[in-house]
Amino acid sequence: MGLTGIQIYKLLPKTNCKECGEPTCLAFAMKLAAGKAELAKCPYVSDEAKEQLSEASAPPIRGITLGTGENAFKIGEEVVLYRHEKTFVNQPGYGILITDTMDDTEVEAKIKRLNEMFFERVGLTLTADFAALKNESGDPSKFESLTQKVMGLTQKALVLISENVDALSAAGKVAKDRRPLLYAATKENADQVGALAKELGVPVAAKANGLDELIELSEKLTSIGLKDIVLDPGNRKLKDLYADLHFHRRAALKDKFKPLGFPFITFPNEMTDDPMKEALYAAIFVAKYAGLIVLSDLDAHRMLPLTVQRLNIYTDPQRPMIMEQGIYEINKPDKSSPVLLTTNFALTYFIVSAEIEASRVPSWLLVMDTEGLSVLTAWSAGKFVADAIAPFVKKSGIEEKVDHRNIIIPGYVAQISGELEEELGGDWKVVLGTREASDIPAFLRTYASKG
Amino acid sequence: MAFTPPLEKYAGKIREVVIGKGDKVVKLGGHNAMPGCIFDGDFPNLPKIALEVFDSAPEDWAPEAIKPYEDVVNDPVAWAKKAVDVYNAELVCLHLKSTDPNGENVGADEAAQLAKKVSDSISVPLIVLGSGNAEKDGEVAAKVCEVCAGQNLLVGLAVEDNYKKIGAAAIGYGHCVAAQSPIDVNLAKQLNILLDNLGVPLDKIVMEPSTGALGYGIEYTYSVMERIELAALSQNDDKMQLPIMNIMAVETWKTREAKLDVDAEPTFGDLSKRGILWEAMTAVDLILSGTSLLIMRHPEAVRLTKEIIEELYLGK
Ligand code: SF4
């Protein structure tokens, strides 16, 4: 992305008139390059220069927003191939397929799942994003009435699927304020579908047979002035689509190849009849380069792993492996809430805190600095032993936060119980917790109910 | 102007590691491109899947995971046979869990005898791992190497605290070493260097980078693996050019998502499929980030994963 200050300077008037608020054109160029100024502040840039500058500063994969209001979501704008280089930017959208040959009950049930699918995890809400409406009947009026119906049932974004221009036009007009994606412009209908997208002011997908044809289509749509484009190379075999997705990401990022610089839409629902396999395809496309993922349904047992997959792949890779030592509050604890102890290895912390959270028992979690070692490793390295733990607990400030003196330690270090109780002194009692984190919820519930 | 697909050619190549002997042989690694990128390079060996066998009946497994093995959980030999004959395991991974000094503390001799019995009764190569106690694992692995001399097993886990013992035994009795480092590119490399200095040939080592399950650290494992593979291929770093293995089933099946039924978690959906999918999706992430060997548990998760591998690499 972006030009250097000097490259930008060459495109400016070089009159140093100061109207932009900077002493010289060069100073202004430097600020532009650093993203700290707006090109519009210079009244004298030529249109040609403007074009070049905005093109050069545009992300290599265009960002496209579907939907409106709080249901709007953005895809694209990715800047790397591998997540360790830089956090992936916009999570791909998950959508559910609904056709105009389904009966009302089925449509309603599916929309209900779309609206209500929701998981909570580490304080985040995980949901699905859009309904993909398909004109299976071939009848424009049926497609229009399905769109109408779905608009009344959900506020989520829409993808309208038909190669019939009349059907797309009818549904598109109904849904245009929702900012739907029109799918798809093909070799046969690109002129009309392109014109429709332009008229409605909504994003459009190009569907082709292979990348070469896709590039032609993308260029065609761009040439009629469309900017918000989504791509489908048409391949429905994993091996071929995996290759296409790689070529798209590489060409867009490394070669700044504009025709492929748009997000891709994928259809795991069309690749298999096996729902489990479909979920695995979707997981692959999350990691490897899709912007939209259409699924046949949103069953909880598939969406739970899929939403977690998306969360995991799109987290900040720089998130440290070590947690800060200290007291962590989980589920709003009070003076009588249990106190648990663990090490500051991030994975240990995530697992333990997720389990405590899941137990819904208000708790205090003491996280001790063991230089990022897990419980057993820290213990065998002599860092998670009684004479190290006792001073940490005393200095942590937990004694002011609770009015009891019970501390729950990981089951794996049972052998330190006695010595730790001695080192802690006073009224402190050591309670043996579970070995596996997954047993924490059951343990805590029983523990809390005993009081 | 026809589009020329942008290909990535690398200077380096992952070493090929051979596990097993005679007609019981599995080859790992040997590729010279990133996972699934068959358009960039060659993959003489696709990722392999080993099924787990435990030396004692598991107590806390999810019912769904136990079901396929219900009739054999008390007999590791029968369990291993079933894994191979019924569920088509490409390798078997024997976990000598009861050698744990904080548990049953079964001795190294007894454990090694069992390993031999299992190895002798299956038609695929064997992986033997300890309980996770570094000191005891060293002792057990050394004994396993001795008792199974010449069988070219994959033995571990060698970690910083016991690699000398395991490495020396592996050299002496002709086995491969499974080397585990704590989820860090440099630490993985360092352990390879230590083993290399000890005299373990680099084509007799498989790296275990520490594996997190989906939702429980998979993103760390994923990126560490991508970075290892990239260093091996593009920087041609020969101390990194070893195949990667992932001990993943143990991690996936202890998550609450794989274990809790709908009564406990009403929003989680069908448990009978959820655990399997949790394992298969974790496997898929590991394939995408560069594994050469997955240690898996549920036959259905294995079937799904195998199909994904074949579709991705062979276009099936
Ligand atoms: S307003 Fe434009 S021409 Fe004037 S100094 Fe700023 S950049 Fe240069």
Side-chain angles (χ1 to χ4, degrees), chain A residues 82-84 118-119 121 211-212 215 237-240 242-243 246-247 250-251 254-255 257 260 274-277 279-281 283-284 287-288 299-306 308-309 311-313 315 317 321 346-347 350-351 354-355 358 373-374 376-377 380 412 414-415 436-439 441, chain B residues 2-3 5-6 8 36-39 60 102 132-135 161 182-184 210 212 214-220 222-224 226-227 230 254-257 259-260 264-265 267-274 276-278 280-281 284-285 288-289 300 304-305 307-308 311-316:
Chain A
Y82 298 103
R83 62 181 293 282
H84 62 259
F118 152 100
F119 305 106
R121 199 179 176 85
L211 282 185
D212 282 329
I215 289 164
K237 279 187 86 173
L238 180 61
K239 172 173 161 269
D240 302 328
Y242 191 79
H246 276 76
F247 296 150
R250 288 177 187 175
K254 296 196 159 173
D255 308 332
F257 185 63
L260 289 179
D274 176 350
M276 302 282 268
K277 189 70 94 50
L280 295 179
Y281 291 144
I284 293 174
K288 296 296 174 191
D299 343 53
H301 70 270
R302 296 193 303 154
M303 291 317 288
L304 181 65
L306 276 177
V308 171
Q309 163 78 351
L311 180 72
N312 284 172
I313 294 293
T315 32
M321 294 289 290
L347 295 191
F350 291 142
I351 294 169
E355 297 297 347
L373 297 178
S374 64
L376 265 183
T377 328
S380 52
Y412 274 115
Q415 54 274 59
E436 296 300 336
S438 52
D439 299 325
Chain B
F3 172 68
E8 298 281 354
C37 296
I38 50 171
F39 34 86
D60 50 354
N102 299 313
N133 179 295
E135 202 187 325
D161 290 333
I183 206 160
D184 179 279
S210 292
L214 177 64
Y216 296 88
I218 187 80
E219 68 272 37
Y220 291 111
Y222 183 96
S223 282
V224 162
E226 281 197 331
R227 289 175 59 199
L230 278 172
K254 74 181 179 203
T255 65
R256 42 200 286 269
E257 288 81 357
K259 270 174 122 170
L260 295 186
E265 281 294 350
T267 63
F268 278 15
D270 188 347
L271 173 66
S272 69
K273 297 183 186 134
R274 199 201 312 137
I276 292 169
L277 197 53
W278 211 268
M281 208 176 280
V284 160
D285 278 334
L288 295 184
S289 49
E300 183 60 11
L304 288 162
T305 306
E307 283 183 23
I308 290 286
E311 288 176 31
L312 189 59
Y313 286 92
L314 307 174
K316 280 196 180 162

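Per chain, numbering begins at 1; letters A, B, ... match sequence-line order.
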- prompt: chain A heavy atoms under 4.5 Å from B:E300: which part of the residue, side chain, backbone, both or neither?
  reply: neither

message: So for A:L304, is it side chain, backbone, both, or neither that comes closer than 4.5 Å to the heavy atoms of chain B?
response: both

- prompt: Does B:E219 pair with A:R83 as a salt bridge, N-O distance under 4.0 Å?
  reply: no

field: Which of B:G215, B:G36, B:G269 touches chain A most, by non-hydrogen pairs under 4.5 Å
entry: B:G215

- prompt: Are any non-hydrogen side-chain atoms of A:I313 and B:Y222 less than 4.5 angstrom apart?
  reply: yes

task: Give, as side chain, backbone, both or neither, the part of B:K259 having an atom under 4.5 angstrom from any heavy atom of chain A.
output: side chain

- prompt: Can you check whether B:F3's main-chain N or O pairs, donor with acceptor, with A:D212's side chain at less than 3.5 Å?
  reply: yes

task: For chain B, find which of A:L280, A:V308, A:L306 contributes the most heavy-atom pairs closer than 4.5 angstrom.
output: A:L280

task: Name the region of A:D240, side chain, backbone, both or neither, that has any atom closer than 4.5 Å to a heavy atom of chain B.
output: neither

- prompt: Any side-chain heavy-atom pair from A:H246 and B:C37 closer than 4.5 angstrom?
  reply: yes

task: For the pair B:F39 and A:Y242, name the ring-plane relationship: parallel under 30°, tilted 30 to 60°, perpendicular over 60°.
output: tilted

task: Report yes or no: does A:R250 contribute a side-chain atom to a donor-acceptor pair with the main-chain N or O of B:P6 at less than 3.5 Å?
output: yes

query: Salt bridge check: are B:R256 and A:E436 linked by an N-O gap of less than 4.0 Å?
result: no

query: Are B:E226 and A:K288 close enough for a salt bridge, meaning some N to O gap below 4.0 Å?
result: yes

task: Select one option (side chain, backbone, both, neither) describing which atoms of A:D255 are under 4.5 Å from chain B's heavy atoms.
output: side chain

field: Salt-bridge contact A:K237-B:E311 (side-chain N to carboxylate O under 4.0 Å)
entry: no

query: Are side-chain heavy atoms of A:K254 and B:E8 found at a separation under 4.5 Å?
result: yes

query: Are any of the side-chain heavy atoms of A:K277 and B:I308 separated by less than 4.5 Å?
result: yes

message: Is A:Y82 in contact with chain B via its backbone, its side chain, both, or neither, using a 4.5 Å heavy-atom distance?
response: both

